Amino acid sequence: MGIIEKIKEIEAEMARTQKNKATEYHLGQLKAKIAKLRTQLLEPPKGSSGGGDGFEVTKFGHGRVALIGFPSVGKSTLLTLLTGTHSEAASYEFTTLTCIPGIIHYNDTKIQLLDLPGIIEGASEGKGRGRQVIAVAKSSDIVLMVLDASKSEGHRQILTKELEAVGLRLNKRPPQIYFKKKKTGGISFNSTMPLTHVDEKLCYQILHEYKIHNAEILFREDATVDDFIDVIEGNRKYMKCVYVYNKIDVVGIDDVDRLSRQPNSVVISCNLKLNLDRLLARMWDEMGLVRVYTKPQGQQPDFSDPVVLSADRGGCSVEDFCNHIHRSLVKDVKYVLVWGISARHYPQHCGLSHVLRDEDVVQIVKKKETDEGGRGRFKSHSDAPARISDRQKKAPLKQ
């Protein structure tokens with residue numbers, strides 16, 4: 001029996017099992033088994049040399065956005081409108097067969113937009129190059145899920161389910177659970193608040209399923225069984241996702257109003273070019289890019305070429321800003337002058353731990369270098385050797 005058949009058999013058993021207090025331990029074990037099998041499904045087969053035929057796209061720009069959706073929902077048209085890169089669009093499905101990159105120039109930054117082939121139900125099992133598509137989506141900073149406003153709401157649930165099956169968690173934050181494997185000492189279980197979804201016995205059974213007998217667990221929130229399994233697996237990616245409803249020109253105004261009020265949703269029309277500016281603004285907010293402008297001493301700030309930072313790519317502190325310019329700059333920094341939203345007064349003297357905000361202006365003041373011989377008439381250090389044995393003997397006086 002293959003891995004996919006085993007997963008389907010366990011899912012059928014879970015569907016048959018009634019959900020109550022008596023069966024929650026059994027269901028927890030079944031969920032752990034499914035998570036283990038899905039992790040095996042993502043691993044390359046034994047004996048294979050390297051990866052398969054994936055989409056080779058070099059990272060470019062300050063951020064990366066992936067377009068995911070069913071075939072023929074308008075992904076290629078959206079890429080052409082936003083970036084100017086031509087991606088073939090036609091009235092039949094699977095027009096796009098590979099990954100087509102484009103660049104969005106927005107707010108003095110360059111954002112890479114990837115048009116991926118349409119994915120279908122069963123993509124997490126490898127149908128229709130689904131695994132390669134999802135692997136590229138994992139490497140991006142944010143996912144734009146393009147949906148057809150005229151189709152049923154079920155498409156959104158199917159796509160979310162396929163992405164969750166391969167370890168992508170959309171619009172969720174990592175669970176506040178501390179988990180660490182140990183060599184000895186058994187399992188220590190603690191929680192800082194009352195737990196309603198899991199208990200100590202259920203956690204022990206799930207850990208036993210993973211053959212973990214020595215570990216330290218601390219729950220800092222009322223998490224579910226799925227959250228605990230995600231922490232044990234350790235290969236989950238938590239990403240932001242914006243649901244983009246295209247083709248609003250073919251549905252009524254009531255449906256458009258209902259779709260636009262859903263959380264993390266934007267309605268657009270590629271055919272009539274409606275609401276594209278709102279989509280770009282929403283995408284910018286979700287990515288959380290921070291533009292920092294540099295100011296040389298005694299000169300005006302340079303507003304033409306900002307240094308772009310983000311919390312997902314390194315961080316937004318002054319130290320990250322210095323490392324972005326040059327690695328050796330941090331040890332030469334004396335202090336930093338900051339103008340902008342993050343400063344309490346203008347200019348504010350800041351250290352390396354200060355967190356910068358969008359459109360801040362930064363001036364770095366370096367430590368003054370002392371000359372080799374010291375400053376002024378007095379030397380700052382002696383030229384004498386450290387050890388007596390290293391001293392040179394003077395030449396003898398002439399007789």
Side-chain angles (χ1 to χ4, degrees), residues 38-39 41-44 51-79 82-83 85 87 93-104 111-148 155-174 230 233-246 264-266 279-280 282-284 286-289 310-313:
R38 284 201 171 125
T39 306
L41 199 63
L42 292 175
E43 291 172 357
D53 51 340
F55 300 128
E56 293 180 9
V57 182
T58 309
K59 272 198 174 186
F60 180 81
H62 304 113
R64 195 179 213 189
V65 180
L67 293 172
I68 277 188
F70 278 97
S72 293
V73 292
K75 296 187 297 296
S76 301
T77 313
L78 183 61
L79 177 90
L82 293 179
T83 66
T85 306
S87 179
E93 294 186 345
F94 293 106
T95 316
T96 307
L97 296 173
T98 184
C99 180
I100 298 170
I103 301 295
I104 303 172
I111 300 169
Q112 188 180 40
L113 188 66
L114 301 178
D115 178 21
L116 297 168
I119 60 176
I120 53 176
E121 197 169 356
S124 57
E125 298 163 6
K127 287 184 184 175
R129 300 197 78 182
R131 263 190 227 164
Q132 290 96 317
V133 172
I134 292 167
V136 175
K138 267 190 174 181
S139 69
S140 59
D141 300 316
I142 179 176
V143 170
L144 293 186
M145 190 182 287
V146 186
L147 301 158
D148 193 337
H155 284 191
R156 178 168 162 173
Q157 277 80 25
I158 291 168
L159 283 172
T160 306
K161 185 183 172 187
E162 293 297 329
L163 294 175
E164 288 202 341
V166 293
L168 270 177
R169 300 288 178 263
L170 303 179
N171 295 325
K172 290 182 182 176
R173 57 180 182 80
D230 287 349
E233 285 284 349
N235 59 355
R236 305 300 190 232
K237 179 107 189 266
Y238 295 87
M239 298 185 69
K240 291 179 181 175
C241 176
V242 177
Y243 302 100
V244 182
Y245 287 93
N246 189 18
N264 305 308
S265 299
V266 178
L279 171 62
L280 285 172
R282 183 59 185 270
M283 190 173 71
W284 174 264
E286 294 290 342
M287 291 184 78
L289 296 179
S310 72
D312 298 331
R313 292 192 180 192

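Everything numeric here is computed off the predicted structure, so don't read it as measured data. Hydrogens, waters and symmetry mates play no part in the numbers below; they use all other heavy atoms, side chains included.
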- Listed by chain and number, what are the side-chain hydrogen bond (donor to acceptor under 3.5 Å, both in side chains) partners of Thr83, not counting sequence neighbours?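 Checked Thr83 against side-chain hydrogen bond (donor to acceptor under 3.5 Å, both in side chains); matches are Thr85.
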- side-chain hydrogen bond (donor to acceptor under 3.5 Å, both in side chains) partners for Arg313, two or more places apart: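 Arg313 satisfies side-chain hydrogen bond (donor to acceptor under 3.5 Å, both in side chains) with Asp141 once adjacent residues are dropped.
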- Considering only NZ, NE, NH1 and NH2 on the basic side and carboxylate oxygens on the acidic side, decide whether Asp115 and Lys75 come within less than 4.0 Å. no
- Evaluate the criterion side-chain contact (heavy atoms from CB on, under 4.5 Å) for residue pair Ile100 and Leu79; output intermediate values, then yes/no. CA-CA 9 Å; Ile100 298 170; Leu79 177 90; 3.9 Å; yes
- Report the residues that fulfil salt bridge (Lys or Arg N to Asp or Glu O under 4.0 Å) with Arg64, sequence neighbours left out, ordered by chain and then residue number.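 For Arg64, no residue satisfies salt bridge (Lys or Arg N to Asp or Glu O under 4.0 Å) once neighbours in sequence are set aside.
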- Message: Going by salt bridge (Lys or Arg N to Asp or Glu O under 4.0 Å), name the residues that satisfy it together with Lys172, two or more places apart in sequence or in a different chain.
- Response: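 Expected list: Glu164.
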- Query: Only one of Lys237, Met145, Arg169, Met239 forms a side-chain contact (heavy atoms from CB on, under 4.5 Å) with Leu163, so which one is it?
  - Reply: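 By the side-chain contact (heavy atoms from CB on, under 4.5 Å) criterion, Leu163 pairs with just one of Lys237, Met145, Arg169, Met239: Met145.
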Rounded distance (nearest 0.5 Å) linking atom [atom1] of [X] with atom [atom2] of [Y]:
| X | Y | atom1 | atom2 | result |
| --- | --- | --- | --- | --- |
| Asp230 | Asn235 | CG | CG | 8.5 Å |
| Ser140 | Leu168 | OG | CG | 8.0 Å |
| Asn246 | Leu147 | CG | CG | 9.5 Å |

- Query: Can you name the closest pair of heavy atoms from Leu159 and Gly69 and give their distance?
  - Reply: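 Scanning both residues, the minimum pair turns out to be CD1-CA, 4.0 Å.
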- Message: When you compare the side chain of Thr160 with that of Tyr243, does any pair of heavy atoms fall below 4.5 Å?
- Response: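 Of all side-chain heavy-atom pairs linking Thr160 with Tyr243, at least one is under 4.5 Å.
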- Task: I would like to know whether Ile103 and Ile111 meet side-chain contact (heavy atoms from CB on, under 4.5 Å); could you show each step before the answer?
- Result: CA-CA 6 Å; Ile103 301 295; Ile111 300 169; over 6 Å; no
- What pairs with Glu286 under side-chain contact (heavy atoms from CB on, under 4.5 Å), at least two apart in sequence or on another chain? Ile142, Lys240, Val242, Asn264, Arg282
